[in-house]
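Reviewing the structure listed below.
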Amino acid sequence: MPLRAATETDLPAIAAIYNAEVVASTATWDTEPVSLDERRAWLRVHPAERHPVLVLEERGEVTAWGSLSPFSERCGWAGTVVCSVYVAQGFRGGGRGRAVLDGLCRRGADLGHRVAVALISADNAASLRMCVAEGFFEAGRLLRVGRKFERDLDCALLQRYLRDRAGAVVRDAAGRSLWIRREHDGDTWWILPGGGVEPGETPEAAARRELLEETGLEVRLGGLGYRVLRHGRVQRYFAAEVVRVVGAAGTGPEYGADGQHRRGRATPEWLLPSEIATRRCLPPPIAAALARGDAWPERPVTCEDERVPSAAHR
Ligand SMILES: CC(C)(COP(=O)(O)OP(=O)(O)OC[C@H]1O[C@@H](n2cnc3c(N)ncnc32)[C@H](O)[C@@H]1OP(=O)(O)O)[C@@H](O)C(=O)NCCC(=O)NCCS
């Protein structure tokens, strides 16, 4: 869908879409319609190169808009932005909300932001579902912090990491999962396929690309969860099912002409859950959850890399 940066001429449409929610719903906790002058001032504090406002224009009409606003003026919050998305009544249910939110997150990642936050009235089911569908998770709720239409309102705090790493947990029919065995400087360790998400790339696309480069497999992805690696990096994981073998293992940019990873010999290896546990590829609670076939935790879990350099676990 054709998203572009908003200009002053879009402000009447942006204000009209917003004001329809001010008077009719809890999507915004504003209780009085905003004026054009207020929206002009708002656009001025949303420079395209830092906190963009995007509009979706269809046949000359603005049907949806979204913005990335600073979460706080305090410097430590600089990498965190708040997303807002509004779709004109009459244009909903056609994927516009998701398209705008996706566009905002991509733009936010390109601009160097780390985290997108959505502050959603807990009774706003459509917005909650849209955010979860776009990779946000609920980090918590503030209870009875709002009041509109004579009702107390809870606020759901959702967040999404914009500069994810992405990986895949691939299972075969025998219940084994695919790991990359690395040998380097006399150490052996196992890692799940995965790597960095490139700017403008979705975590799904990155997981697929990494898997293809590392193992030569084309996969179908499902949902899984997150974990926090060392140095605060977050890795999004997907459950994956092999569709077909399309190439050779070890063909990505991190691999040399001989197919070996620049950090040592790397070989894809299928492991049973018991082997994952005994080799301590993952922290025990996550290894146990995966062995049981449970979903990966939906909230980020802090853990170290899978590296197991000790000879005892080879
Ligand atoms: C929330 C909003 C932006 C969604 O826009 P939309 O174009 O209708 O949404 P999409 O068609 O892209 O659908 C996005 C997801 O939300 C879900 N959704 C949409 N409308 C829904 C509804 N009425 N009830 C429950 N879920 C709904 C859809 O299931 C969809 O998920 P899926 O694709 O995985 O099924 C739109 O309803 C809106 O503008 N609401 C008022 C403003 C608002 O609440 N903004 C969010 C606060 S910042």
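Remember, it's 1-based here, ligands and their atoms both numbered in the order they're listed.
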Whether [Y] and [X] form a salt bridge (side-chain N of Lys/Arg under 4.0 Å from carboxylate O of Asp/Glu) is what I want to check.
X: R209; Y: E213; value: yes
X: R4; Y: E58; value: no
X: R98; Y: D102; value: no

| message | Checking W42 against W65 for the ring pair (Phe, Tyr, Trp, His ring centres under 6.0 Å) test, could you report, in this order, the C-alpha distance in whole Å, the side-chain angles of both residues, the deciding distance, and whether it holds? | response | CA-CA 14 Å; W42 168 83; W65 64 268; 5.4 Å; yes
| Which protein residues have a heavy atom under 4.0 Å from ligand 1? | E21, A27, S84, V85, Y86, V87, R92, G93, G94, G95, R96, G97, R98, N124, A126, S127, R129, M130, A133
For a quick test of your reading: what N or O donor-acceptor pairs under 3.5 Å do the side chains of residues 141-152 make, sequence neighbours left out?
residue: R141; atom: NE; partner: E138; partner atom: OE2; Å: 2.6
residue: R141; atom: NH2; partner: E138; partner atom: OE1; Å: 3.3
residue: R144; atom: NE; partner: D152; partner atom: OD2; Å: 3.2
residue: R144; atom: NH2; partner: D152; partner atom: OD2; Å: 2.8
residue: R147; atom: NH1; partner: D152; partner atom: OD1; Å: 2.7
residue: R147; atom: NH2; partner: E150; partner atom: O; Å: 3.3
residue: K148; atom: NZ; partner: V22; partner atom: O; Å: 2.9
residue: K148; atom: NZ; partner: S25; partner atom: O; Å: 2.7
residue: K148; atom: NZ; partner: T28; partner atom: O; Å: 2.7
residue: K148; atom: NZ; partner: D30; partner atom: O; Å: 2.9
residue: R151; atom: NH1; partner: D123; partner atom: OD2; Å: 3.4

| Between H51 and S67, does any side-chain donor sit less than 3.5 Å from a side-chain acceptor? | no
